[in-house]
Novice: 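Once you've had a glance at the structure underneath, I'll fire off some questions.
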Amino acid sequence: MTTHAPQAAQAVTLPATLDEAVAALSAMPAAVPVAGGTDLMTAVNSGQLRPAGLVGLGRISEIRGWQYLDGHALLGAGLTHARMGRPDFAALIPALAAAARAAGPPHIRNAGTLGGNIASAAPTGDALPVLAALEATLIIAGPGGARREIPVSHLLAGMDMLRGGELIGYVRVPLLHAPQVFLKATGRTGPGRAVASVALVLDPARRGVRCAVGAIAPMPLRPLEAEQWVAQLIDWDNDRAIVPEALQAFGEYVAAACIPDPAPAEDGSVPPLPPAVLHLRRTVAALARRALGRALS
């Protein structure tokens with residue numbers, strides 16, 4: 001007898017183009033695509049996953065860079081966190097660069113990719129709240145050269161899933177040319193997985209504020225009412241000025257929207273939040289307040 005599961009023979013395919021990768025996945029439905037492998041190898045090493053085959057994406061040069069298209073940046077899904085953290089990318093999409101620089105130690109940033117962060121959909125994925133706040137969309141590559149586009153939020157919410165043989169090819173991000181901020185709080189052990197994170201971007205053309213809170217729920221949360229409320233208080237024509245009290249209120253508004261009070265009991269009383277949840281709400285409020293303050297400064 002043995003305590004180890006038998007190791008199945010694995011087929012490994014290394015396509016050179018996105019369409020070749022799609023064709024390989026279509027021909028081998030049980031295969032798993034792998035780029036950086038930071039999440040996949042954790043699952044394999046822990047025994048949670050035994051893929052029948054692997055389709056390596058590391059040789060597909062077309063998804064490892066970015067280009068400009070109609071006021072948007074078209075980001076390849078193979079972009080690594082380390083590449084997105086560089087100054088030239090930070091000048092393009094500051095919040096996403098900040099999230100990439102916060103995505104763990106150097107060996108994780110060097111291997112992990114934007115597409116992998118999205119596909120794994122881990123609640124603590126640092127790029128996810130940024131993409132939600134930017135209202136980014138995904139360009140999905142399918143069999144026969146097919147392409148379709150869906151909002152990132154739809155995939156994360158399970159409203160639209162990847163179909164058989166499909167891969168995330170690109171991420172389309174609007175270039176707002178305005179301040180963007182990403183902040184996160186981690187545990188006491190130091191830099192690592194987020195306990196809570198906040199991405200905030202300004203949209204001066206629409207006189208809007210977009211905010212997304214990550215790590216506290218299965219997918220990033222958008223406090224839409226808080227966004228609309230604070231946008232009306234900003235003096236967009238006078239250096240985007242706002243009274244200090246509004247910053248504090250915004251943080252509390254965001255936190256209460258994302259971590260609401262418990263439902264009233266039968267007698268009408270509202271039970272208090274557990275201490276850990278109350279601390280998390282305060283953390284979210286502080287992150288949201290600081291993010292807006294930095295964006296407007």
Novice: Closer than 3.5 angstrom, by distance alone: can the side chain of R210 be matched with the main-chain N or O of E227 as a donor-acceptor pair?
Specialist: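 No; judged by distance alone, with no hydrogens or angles, the pair does not exist.
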Novice: So that I can tick it off, tell me whether E166 and R147 are bridged by a salt bridge, with the cut-off set at under 4.0 angstrom between side-chain N and carboxylate O.
Specialist: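 Answer for the salt bridge query: no.
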Novice: Looking only at heavy atoms, what is the nearest atom pair of A194 and A215, with distance?
Specialist: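 Between these two residues, the closest heavy atoms are O-CB, 3.6 Å.
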Novice: With a 4.0 Å cut-off on N to O distance, would you call R83 and D88 a salt bridge?
Specialist: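 A salt bridge is present here (some side-chain N lies under 4.0 Å from a carboxylate O).
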Novice: So, do P33 and L25 sit near enough that their side-chain heavy atoms are less than 4.5 Å apart?
Specialist: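 Yes, their side chains come closer than 4.5 Å.
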Novice: Hey, is the main chain of L96 close enough, under 3.5 Å, to the side chain of R101 for a donor-acceptor pair?
Specialist: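 Side chain of R101 to backbone of L96, a donor-acceptor pair under 3.5 Å: no, none is there.
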Novice: Closer than 4.0 angstrom, basic N to acidic O: yes or no for R172 and D70?
Specialist: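 Salt bridge between R172 and D70, a charged N being under 4.0 Å from a carboxylate O: no.
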Novice: Return the NE2 to CD distance between H72 and Q67, rounded to the nearest 0.5 Å.
Specialist: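 One gets 13.0 Å once the value is rounded to the nearest 0.5 Å.
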Novice: I need the minimum non-hydrogen distance between L167 and A21, along with the two atoms involved.
Specialist: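 Smallest interatomic distance, heavy atoms only, reads CD1-CB, 3.6 Å.
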Novice: Against I139, only a single residue in V171, L74, I168 fulfils side-chain contact (heavy atoms from CB on, under 4.5 Å); can you say which?
Specialist: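 Only match with I139 under side-chain contact (heavy atoms from CB on, under 4.5 Å): L74.
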Novice: Are any side-chain N or O atoms of E20 and backbone N or O atoms of P15, one a donor and one an acceptor, separated by less than 3.5 Å?
Specialist: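 It does not hold such a pair.
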Novice: Side-chain heavy atoms nearer than 4.5 Å, only ILVMFWY residues, links allowed to pass through others: does that put V209 and L134 together?
Specialist: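 Unlinked, V209 and L134 end up in two clusters.
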Novice: Mind checking side-chain hydrogen bond (donor to acceptor under 3.5 Å, both in side chains) for D235 and listing every partner two or more places apart, or none if nothing turns up?
Specialist: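 With neighbours one apart ignored, the set is empty.
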Novice: Give a yes or no on whether the backbone of A102 and the side-chain of K184 come within a donor-acceptor separation of less than 3.5 Å.
Specialist: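 The answer is yes, because a donor-acceptor pair under 3.5 Å joins these two groups.
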Novice: Using a 3.5 Å distance criterion without hydrogens, assess whether the side chain of S269 forms a donor-acceptor pair with backbone atoms of A265.
Specialist: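 Checking the backbone N and O of A265 against the side chain of S269, no donor-acceptor pair under 3.5 Å is found.
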Novice: Which pairs pass ring-ring contact (aromatic ring centres under 6.0 Å, His included) with one or both residues in residues 121-146, sequence neighbours excluded?
Specialist: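 Of all non-adjacent pairs touching residues 121-146, none passes ring-ring contact (aromatic ring centres under 6.0 Å, His included).
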Novice: Set out, in order, the CA-CA distance, both residues' side-chain angles and the distance that settles ring pair (Phe, Tyr, Trp, His ring centres under 6.0 Å) for W66 and F89, then state yes or no.
Specialist: CA-CA 9 Å; W66 70 83; F89 190 92; 5.1 Å; yes
Novice: In terms of side-chain heavy atoms, does Q232 have a donor or acceptor partner in Q228 at a distance below 3.5 Å?
Specialist: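 The criterion, which ignores hydrogens and geometry beyond distance, is not satisfied for Q228 and Q232.
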Novice: Quick check: closest heavy atoms across L128 and N117, and the distance to 0.1 Å?
Specialist: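 For L128 versus N117, the nearest heavy atoms are CD2-O, 3.7 Å.
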Novice: Identify whether V201 and L221 are in the same connected component of the hydrophobic contact network (ILVMFWY, side-chain heavy atoms under 4.5 Å).
Specialist: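 Per the 4.5 Å side-chain linkage, V201 and L221 are not co-clustered.
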Novice: Please report the shortest heavy-atom distance between L183 and A291, naming the atom on each side.
Specialist: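 Smallest heavy-atom distance, with atoms named: CD1-N, 3.6 Å.
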Novice: Taking all atoms of both residues into account, what is the closest heavy-atom pair of P204 and W236, and its distance?
Specialist: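 Smallest interatomic distance, heavy atoms only, reads CA-CZ3, 4.0 Å.
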Novice: Given the rule that I, L, V, M, F, W and Y join up when any side-chain heavy atoms are under 4.5 Å apart, are V34 and L162 in one cluster?
Specialist: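 Different clusters: V34 never reaches L162 through Ile, Leu, Val, Met, Phe, Trp or Tyr contacts under 4.5 Å.
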Novice: I'd like to know if the side chain of E62 reaches the main chain of L18, judged simply by a donor and an acceptor atom lying under 3.5 Å from each other, with no hydrogens or angles considered.
Specialist: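 Side chain of E62 to backbone of L18: a pair is present.
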Novice: May I ask you to check whether T17 and D19 show a side-chain donor-acceptor distance below 3.5 Å?
Specialist: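 There is no such pair (donor and acceptor under 3.5 Å, judged by atom type) between the side chains of T17 and D19.
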Novice: Can you name the closest pair of heavy atoms from I234 and I242 and give their distance?
Specialist: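 In this case the closest contact between I234 and I242 is CG1-CD1, 4.0 Å.
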Novice: So, taking the atom named OG1 in T113 and the one named CG in L75, what distance separates them when rounded to the nearest 0.5 Å?
Specialist: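 Spacing of OG1 (T113) from CG (L75) equals 12.0 Å.
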Novice: Kindly determine whether R281 and D261 satisfy side chain to side chain contact (heavy atoms under 4.5 Å, CB included), including the steps that lead there.
Specialist: CA-CA 10 Å; R281 180 193 269 189; D261 290 325; 2.8 Å; yes
Novice: For G104, is there any backbone N or O sitting under 3.5 Å from a side-chain donor or acceptor partner on R109?
Specialist: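 Checked: pair present.
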Novice: Using the test side-chain hydrogen bond (donor to acceptor under 3.5 Å, both in side chains), find all partners of D160 that sit at least two apart in sequence or belong to another chain.
Specialist: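 With neighbours one apart ignored, the set is R148.
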Novice: With the side chain counted from C-beta on, respond yes when V230 and L247 share a heavy-atom pair under 4.5 Å apart, and no when they do not.
Specialist: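 The answer is no; the side chains never approach within 4.5 Å.
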Novice: Taking the side chain from W229 and the backbone from Y253, do they hold a donor-acceptor pair closer than 3.5 Å?
Specialist: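 Flag not set: sc W229 to bb Y253 has no pair under 3.5 Å.
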